[in-house]
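See below for the structure under consideration.
Lettering of chains follows the sequences in order, A, B, ..., and the numbering in each one begins at 1.
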There are 2 protein chains.
Amino acid sequence: MTDTDNNSLPERKRGSGVKMVYDLLRDEILDLVLPPGSPIDEVQLAERFKLSRTPIREALVRLAGEGLIDTLPNRSTMVSNIDFLNLHTFFEALVLMYRVTTRLAAQNHRPEDLPVIRGFHEDYAAAVQSRDALAMIATNAAFHAAIAEAGRNPYFTGLFRRLLDEGRRILRLYYQSYEEQFPQRFVDEHAEIIAAIEARDVEAADRLGKAHAEQIVEQVQKLFTRNNKLDIDL
Amino acid sequence: MTDTDNNSLPERKRGSGVKMVYDLLRDEILDLVLPPGSPIDEVQLAERFKLSRTPIREALVRLAGEGLIDTLPNRSTMVSNIDFLNLHTFFEALVLMYRVTTRLAAQNHRPEDLPVIRGFHEDYAAAVQSRDALAMIATNAAFHAAIAEAGRNPYFTGLFRRLLDEGRRILRLYYQSYEEQFPQRFVDEHAEIIAAIEARDVEAADRLGKAHAEQIVEQVQKLFTRNNKLDIDL
DNA sequence: TGTATTTTTCTTGTCGACAAATAAAATACA
DNA sequence: TGTATTTTATTTGTCGACAAGAAAAATACA
């Protein structure tokens with residue numbers, strides 16, 4: 001393959017460039033293809049996507065708005081760091097949002113939501129089966145995001161999505177070096193959560209969501225203390 | 001004053017244009033100077049600020065990221081509407097964030113936070129005294145934002161600030177036509193909340209935050225049902 | 001040799017211009 | 001007169017270029 005392999009994307013629709021750049025950079029940041037601290041070069045991206053700097057910049061502004069990149073005025077822009085020192089605030093918010101979104105899903109879900117949730121549940125089970133850590137991370141986030149959507153509170157789903165994104169980075173950080181796996185227990189808990197939602201048992205959904213979240217937090221913290229030598233880098 | 005009153009801003013620093021446009025548009029949107037649905041014209045703004053369209057556009061992208069304006073691709077962009085149909089989701093999120101941030105403030109506040117909070121408390125009391133509805137709205141939001149900051153969870157403060165912003169629009173909508181006033185009760189409740197925070201009484205802070213939030217929601221809903229003829233416009 | 005100052009290089013922020021996409025207006029046609 | 005089609009106009013999205021700001025390199029000076 002030569003450097004003239006731009007025949008696959010010869011012409012794009014008018015507003016699609018920014019979205020493409022935004023989506024791709026976002027994925028690369030969340031998957032740690034671009035690790036925290038990586039410099040983001042506008043001209044380099046412009047060449048890569050065969051675009052001018054203007055749409056690149058628009059995508060970067062959006063990413064900065066979500067806190068995924070940090071921009072130093074008149075200087076460089078880079079992938080934002082993970083704030084390990086205040087990780088407890090992240091867990092705190094994550095647990096609460098797990099609770100709230102699961103509870104609201106039990107309250108407000110519609111019949112058409114359940115197949116979607118079940119679909120991600122099965123994807124997650126398959127990822128566990130095949131011990132694919134990265135797929136576990138992604139499908140777990142998708143599963144809970146779907147539950148949040150069924151809860152139908154855009155303010156909560158907005159925050160929750162951001163938290164799940166950040167969690168994707170954190171998990172990815174640890175699962176890339178240590179081939180850990182989420183226990184089967186999580187799959188079972190997911191099934192319980194679905195049952196509670198379907199039964200519209202709000203209190204059970206709340207309780208299960210909280211317990212599940214705390215399981216995950218505990219799991220992550222266990223990984224942390226085990227390889228806390230990484231923390232010294234900060 | 002003629003149309004040549006641009007002598008006050010002859011030259012700006014290099015990155016300050018976008019921030020100026022962003023801040024000003026944001027305020028105008030939240031104060032309903034630009035009511036929901038108002039068209040946003042890029043070239044008009046460019047002329048108004050004596051800038052090119054590029055920095056204007058960057059400010060608009062940021063505002064769109066916060067949901068304050070809606071952009072139709074290749075078409076117009078306008079101030080986002082207030083979703084009256086799903087106002088309950090707004091209240092739901094608002095009450096929870098009032099609770100959580102007040103609770104966390106009782107837990108995590110530092111001595112230097114209290115003077116700040118007390119300052120806004122006094123500003124609010126003064127606004128109530130002078131029956132200045134707009135000042136009440138602004139100082140009340142500032143008071144609770146300061147409490148949230150003392151709670152030191154950036155995820156919660158981020159969501160809470162967005163909710164307070166949206167609340168600013170909603171309150172402004174009703175207080176501009178009906179010269180209502182927040183009751184003295186709110187001032188007293190604020191004082192109670194401060195006391196609970198200072199005493200680090202987490203449960204009391206939680207309870208008071210919740211009660212206070214519900215008071216406000218009830219007040220707003222009362223205004224709504226009273227002038228629900230406005231709702232027909234949507 | 002080490003520090004201060006100038007020069008150069010590199011990246012960003014801004015600009016004016018152009019082309020695509022859509023809406024509005026004008027025209028054709030029944 | 002009312003509808004369909006073409007033409008015009010307006011606004012957005014993108015581009016290439018240029019200048020400001022800061023870092024890096026080079027030079028001067030002790």
Any-strand Watson-Crick or G-U partner of D:dA30, both distances under 3.5 Å: C:dT1
Sugar-phosphate, base or nothing in reach of A:Ile40, heavy atoms under 4.0 Å: sugar-phosphate
Exercise: identify the closest heavy-atom pair between A:Leu51 and A:Gly17: CD1-CA, 4.2 Å
Residue mapping more 5' on DNA chain C - nearest nucleotide basis, B:Asn74 or A:Asn74: A:Asn74
Sugar-phosphate, base or nothing in reach of A:Glu58, heavy atoms under 4.0 Å: nothing
Side-chain heavy atoms of A:His121 within contact of A:Ile194, under 4.5 Å: yes
Side-chain donor or acceptor of A:Asn153 paired with backbone N/O of B:Thr89 under 3.5 Å: yes
Nearest-nucleotide 5' precedence on DNA chain D, A:Arg53 against B:Leu72: B:Leu72
Residue pair A:Asp123 / A:Phe143, side-chain heavy-atom distance below 4.5 Å: no
D:dA24: pairing nucleotide in any strand, Watson-Crick or G-U under 3.5 angstrom: C:dT7
Non-hydrogen atoms of A:Phe160 and A:His144 that approach each other most closely: CE2-O, 3.4 Å
Gap between atoms CE and C1', on B:Met78 and C:dT22 respectively (whole Å): 16 Å
Range on DNA chain D touched by chain A, heavy atoms, distance below 4.0 Å: D:dT12 to D:dA23
Under-3.5 Å donor-acceptor pair between A:Arg75 side chain and C:dT12 base: no
Among A:Arg168, A:Arg172, A:Arg169, the one residue meeting side chain to side chain donor-acceptor pair (under 3.5 Å) with A:Asp31: A:Arg168
Distance in angstrom units between A:Lys13 NZ and C:dT22 P, rounded: 11 Å
Option from A:Val21, A:Val79, A:Thr77, A:Ile69 for which side chain to side chain contact (heavy atoms under 4.5 Å, CB included) with A:Leu63 holds: A:Ile69
Atom pair distance, as rounded to whole Å: CG in B:Asp41 and C1' in C:dA23: 14 Å
5' precedence on DNA chain C between A:Thr54 and A:Ser76 (nearest-nucleotide basis): A:Ser76
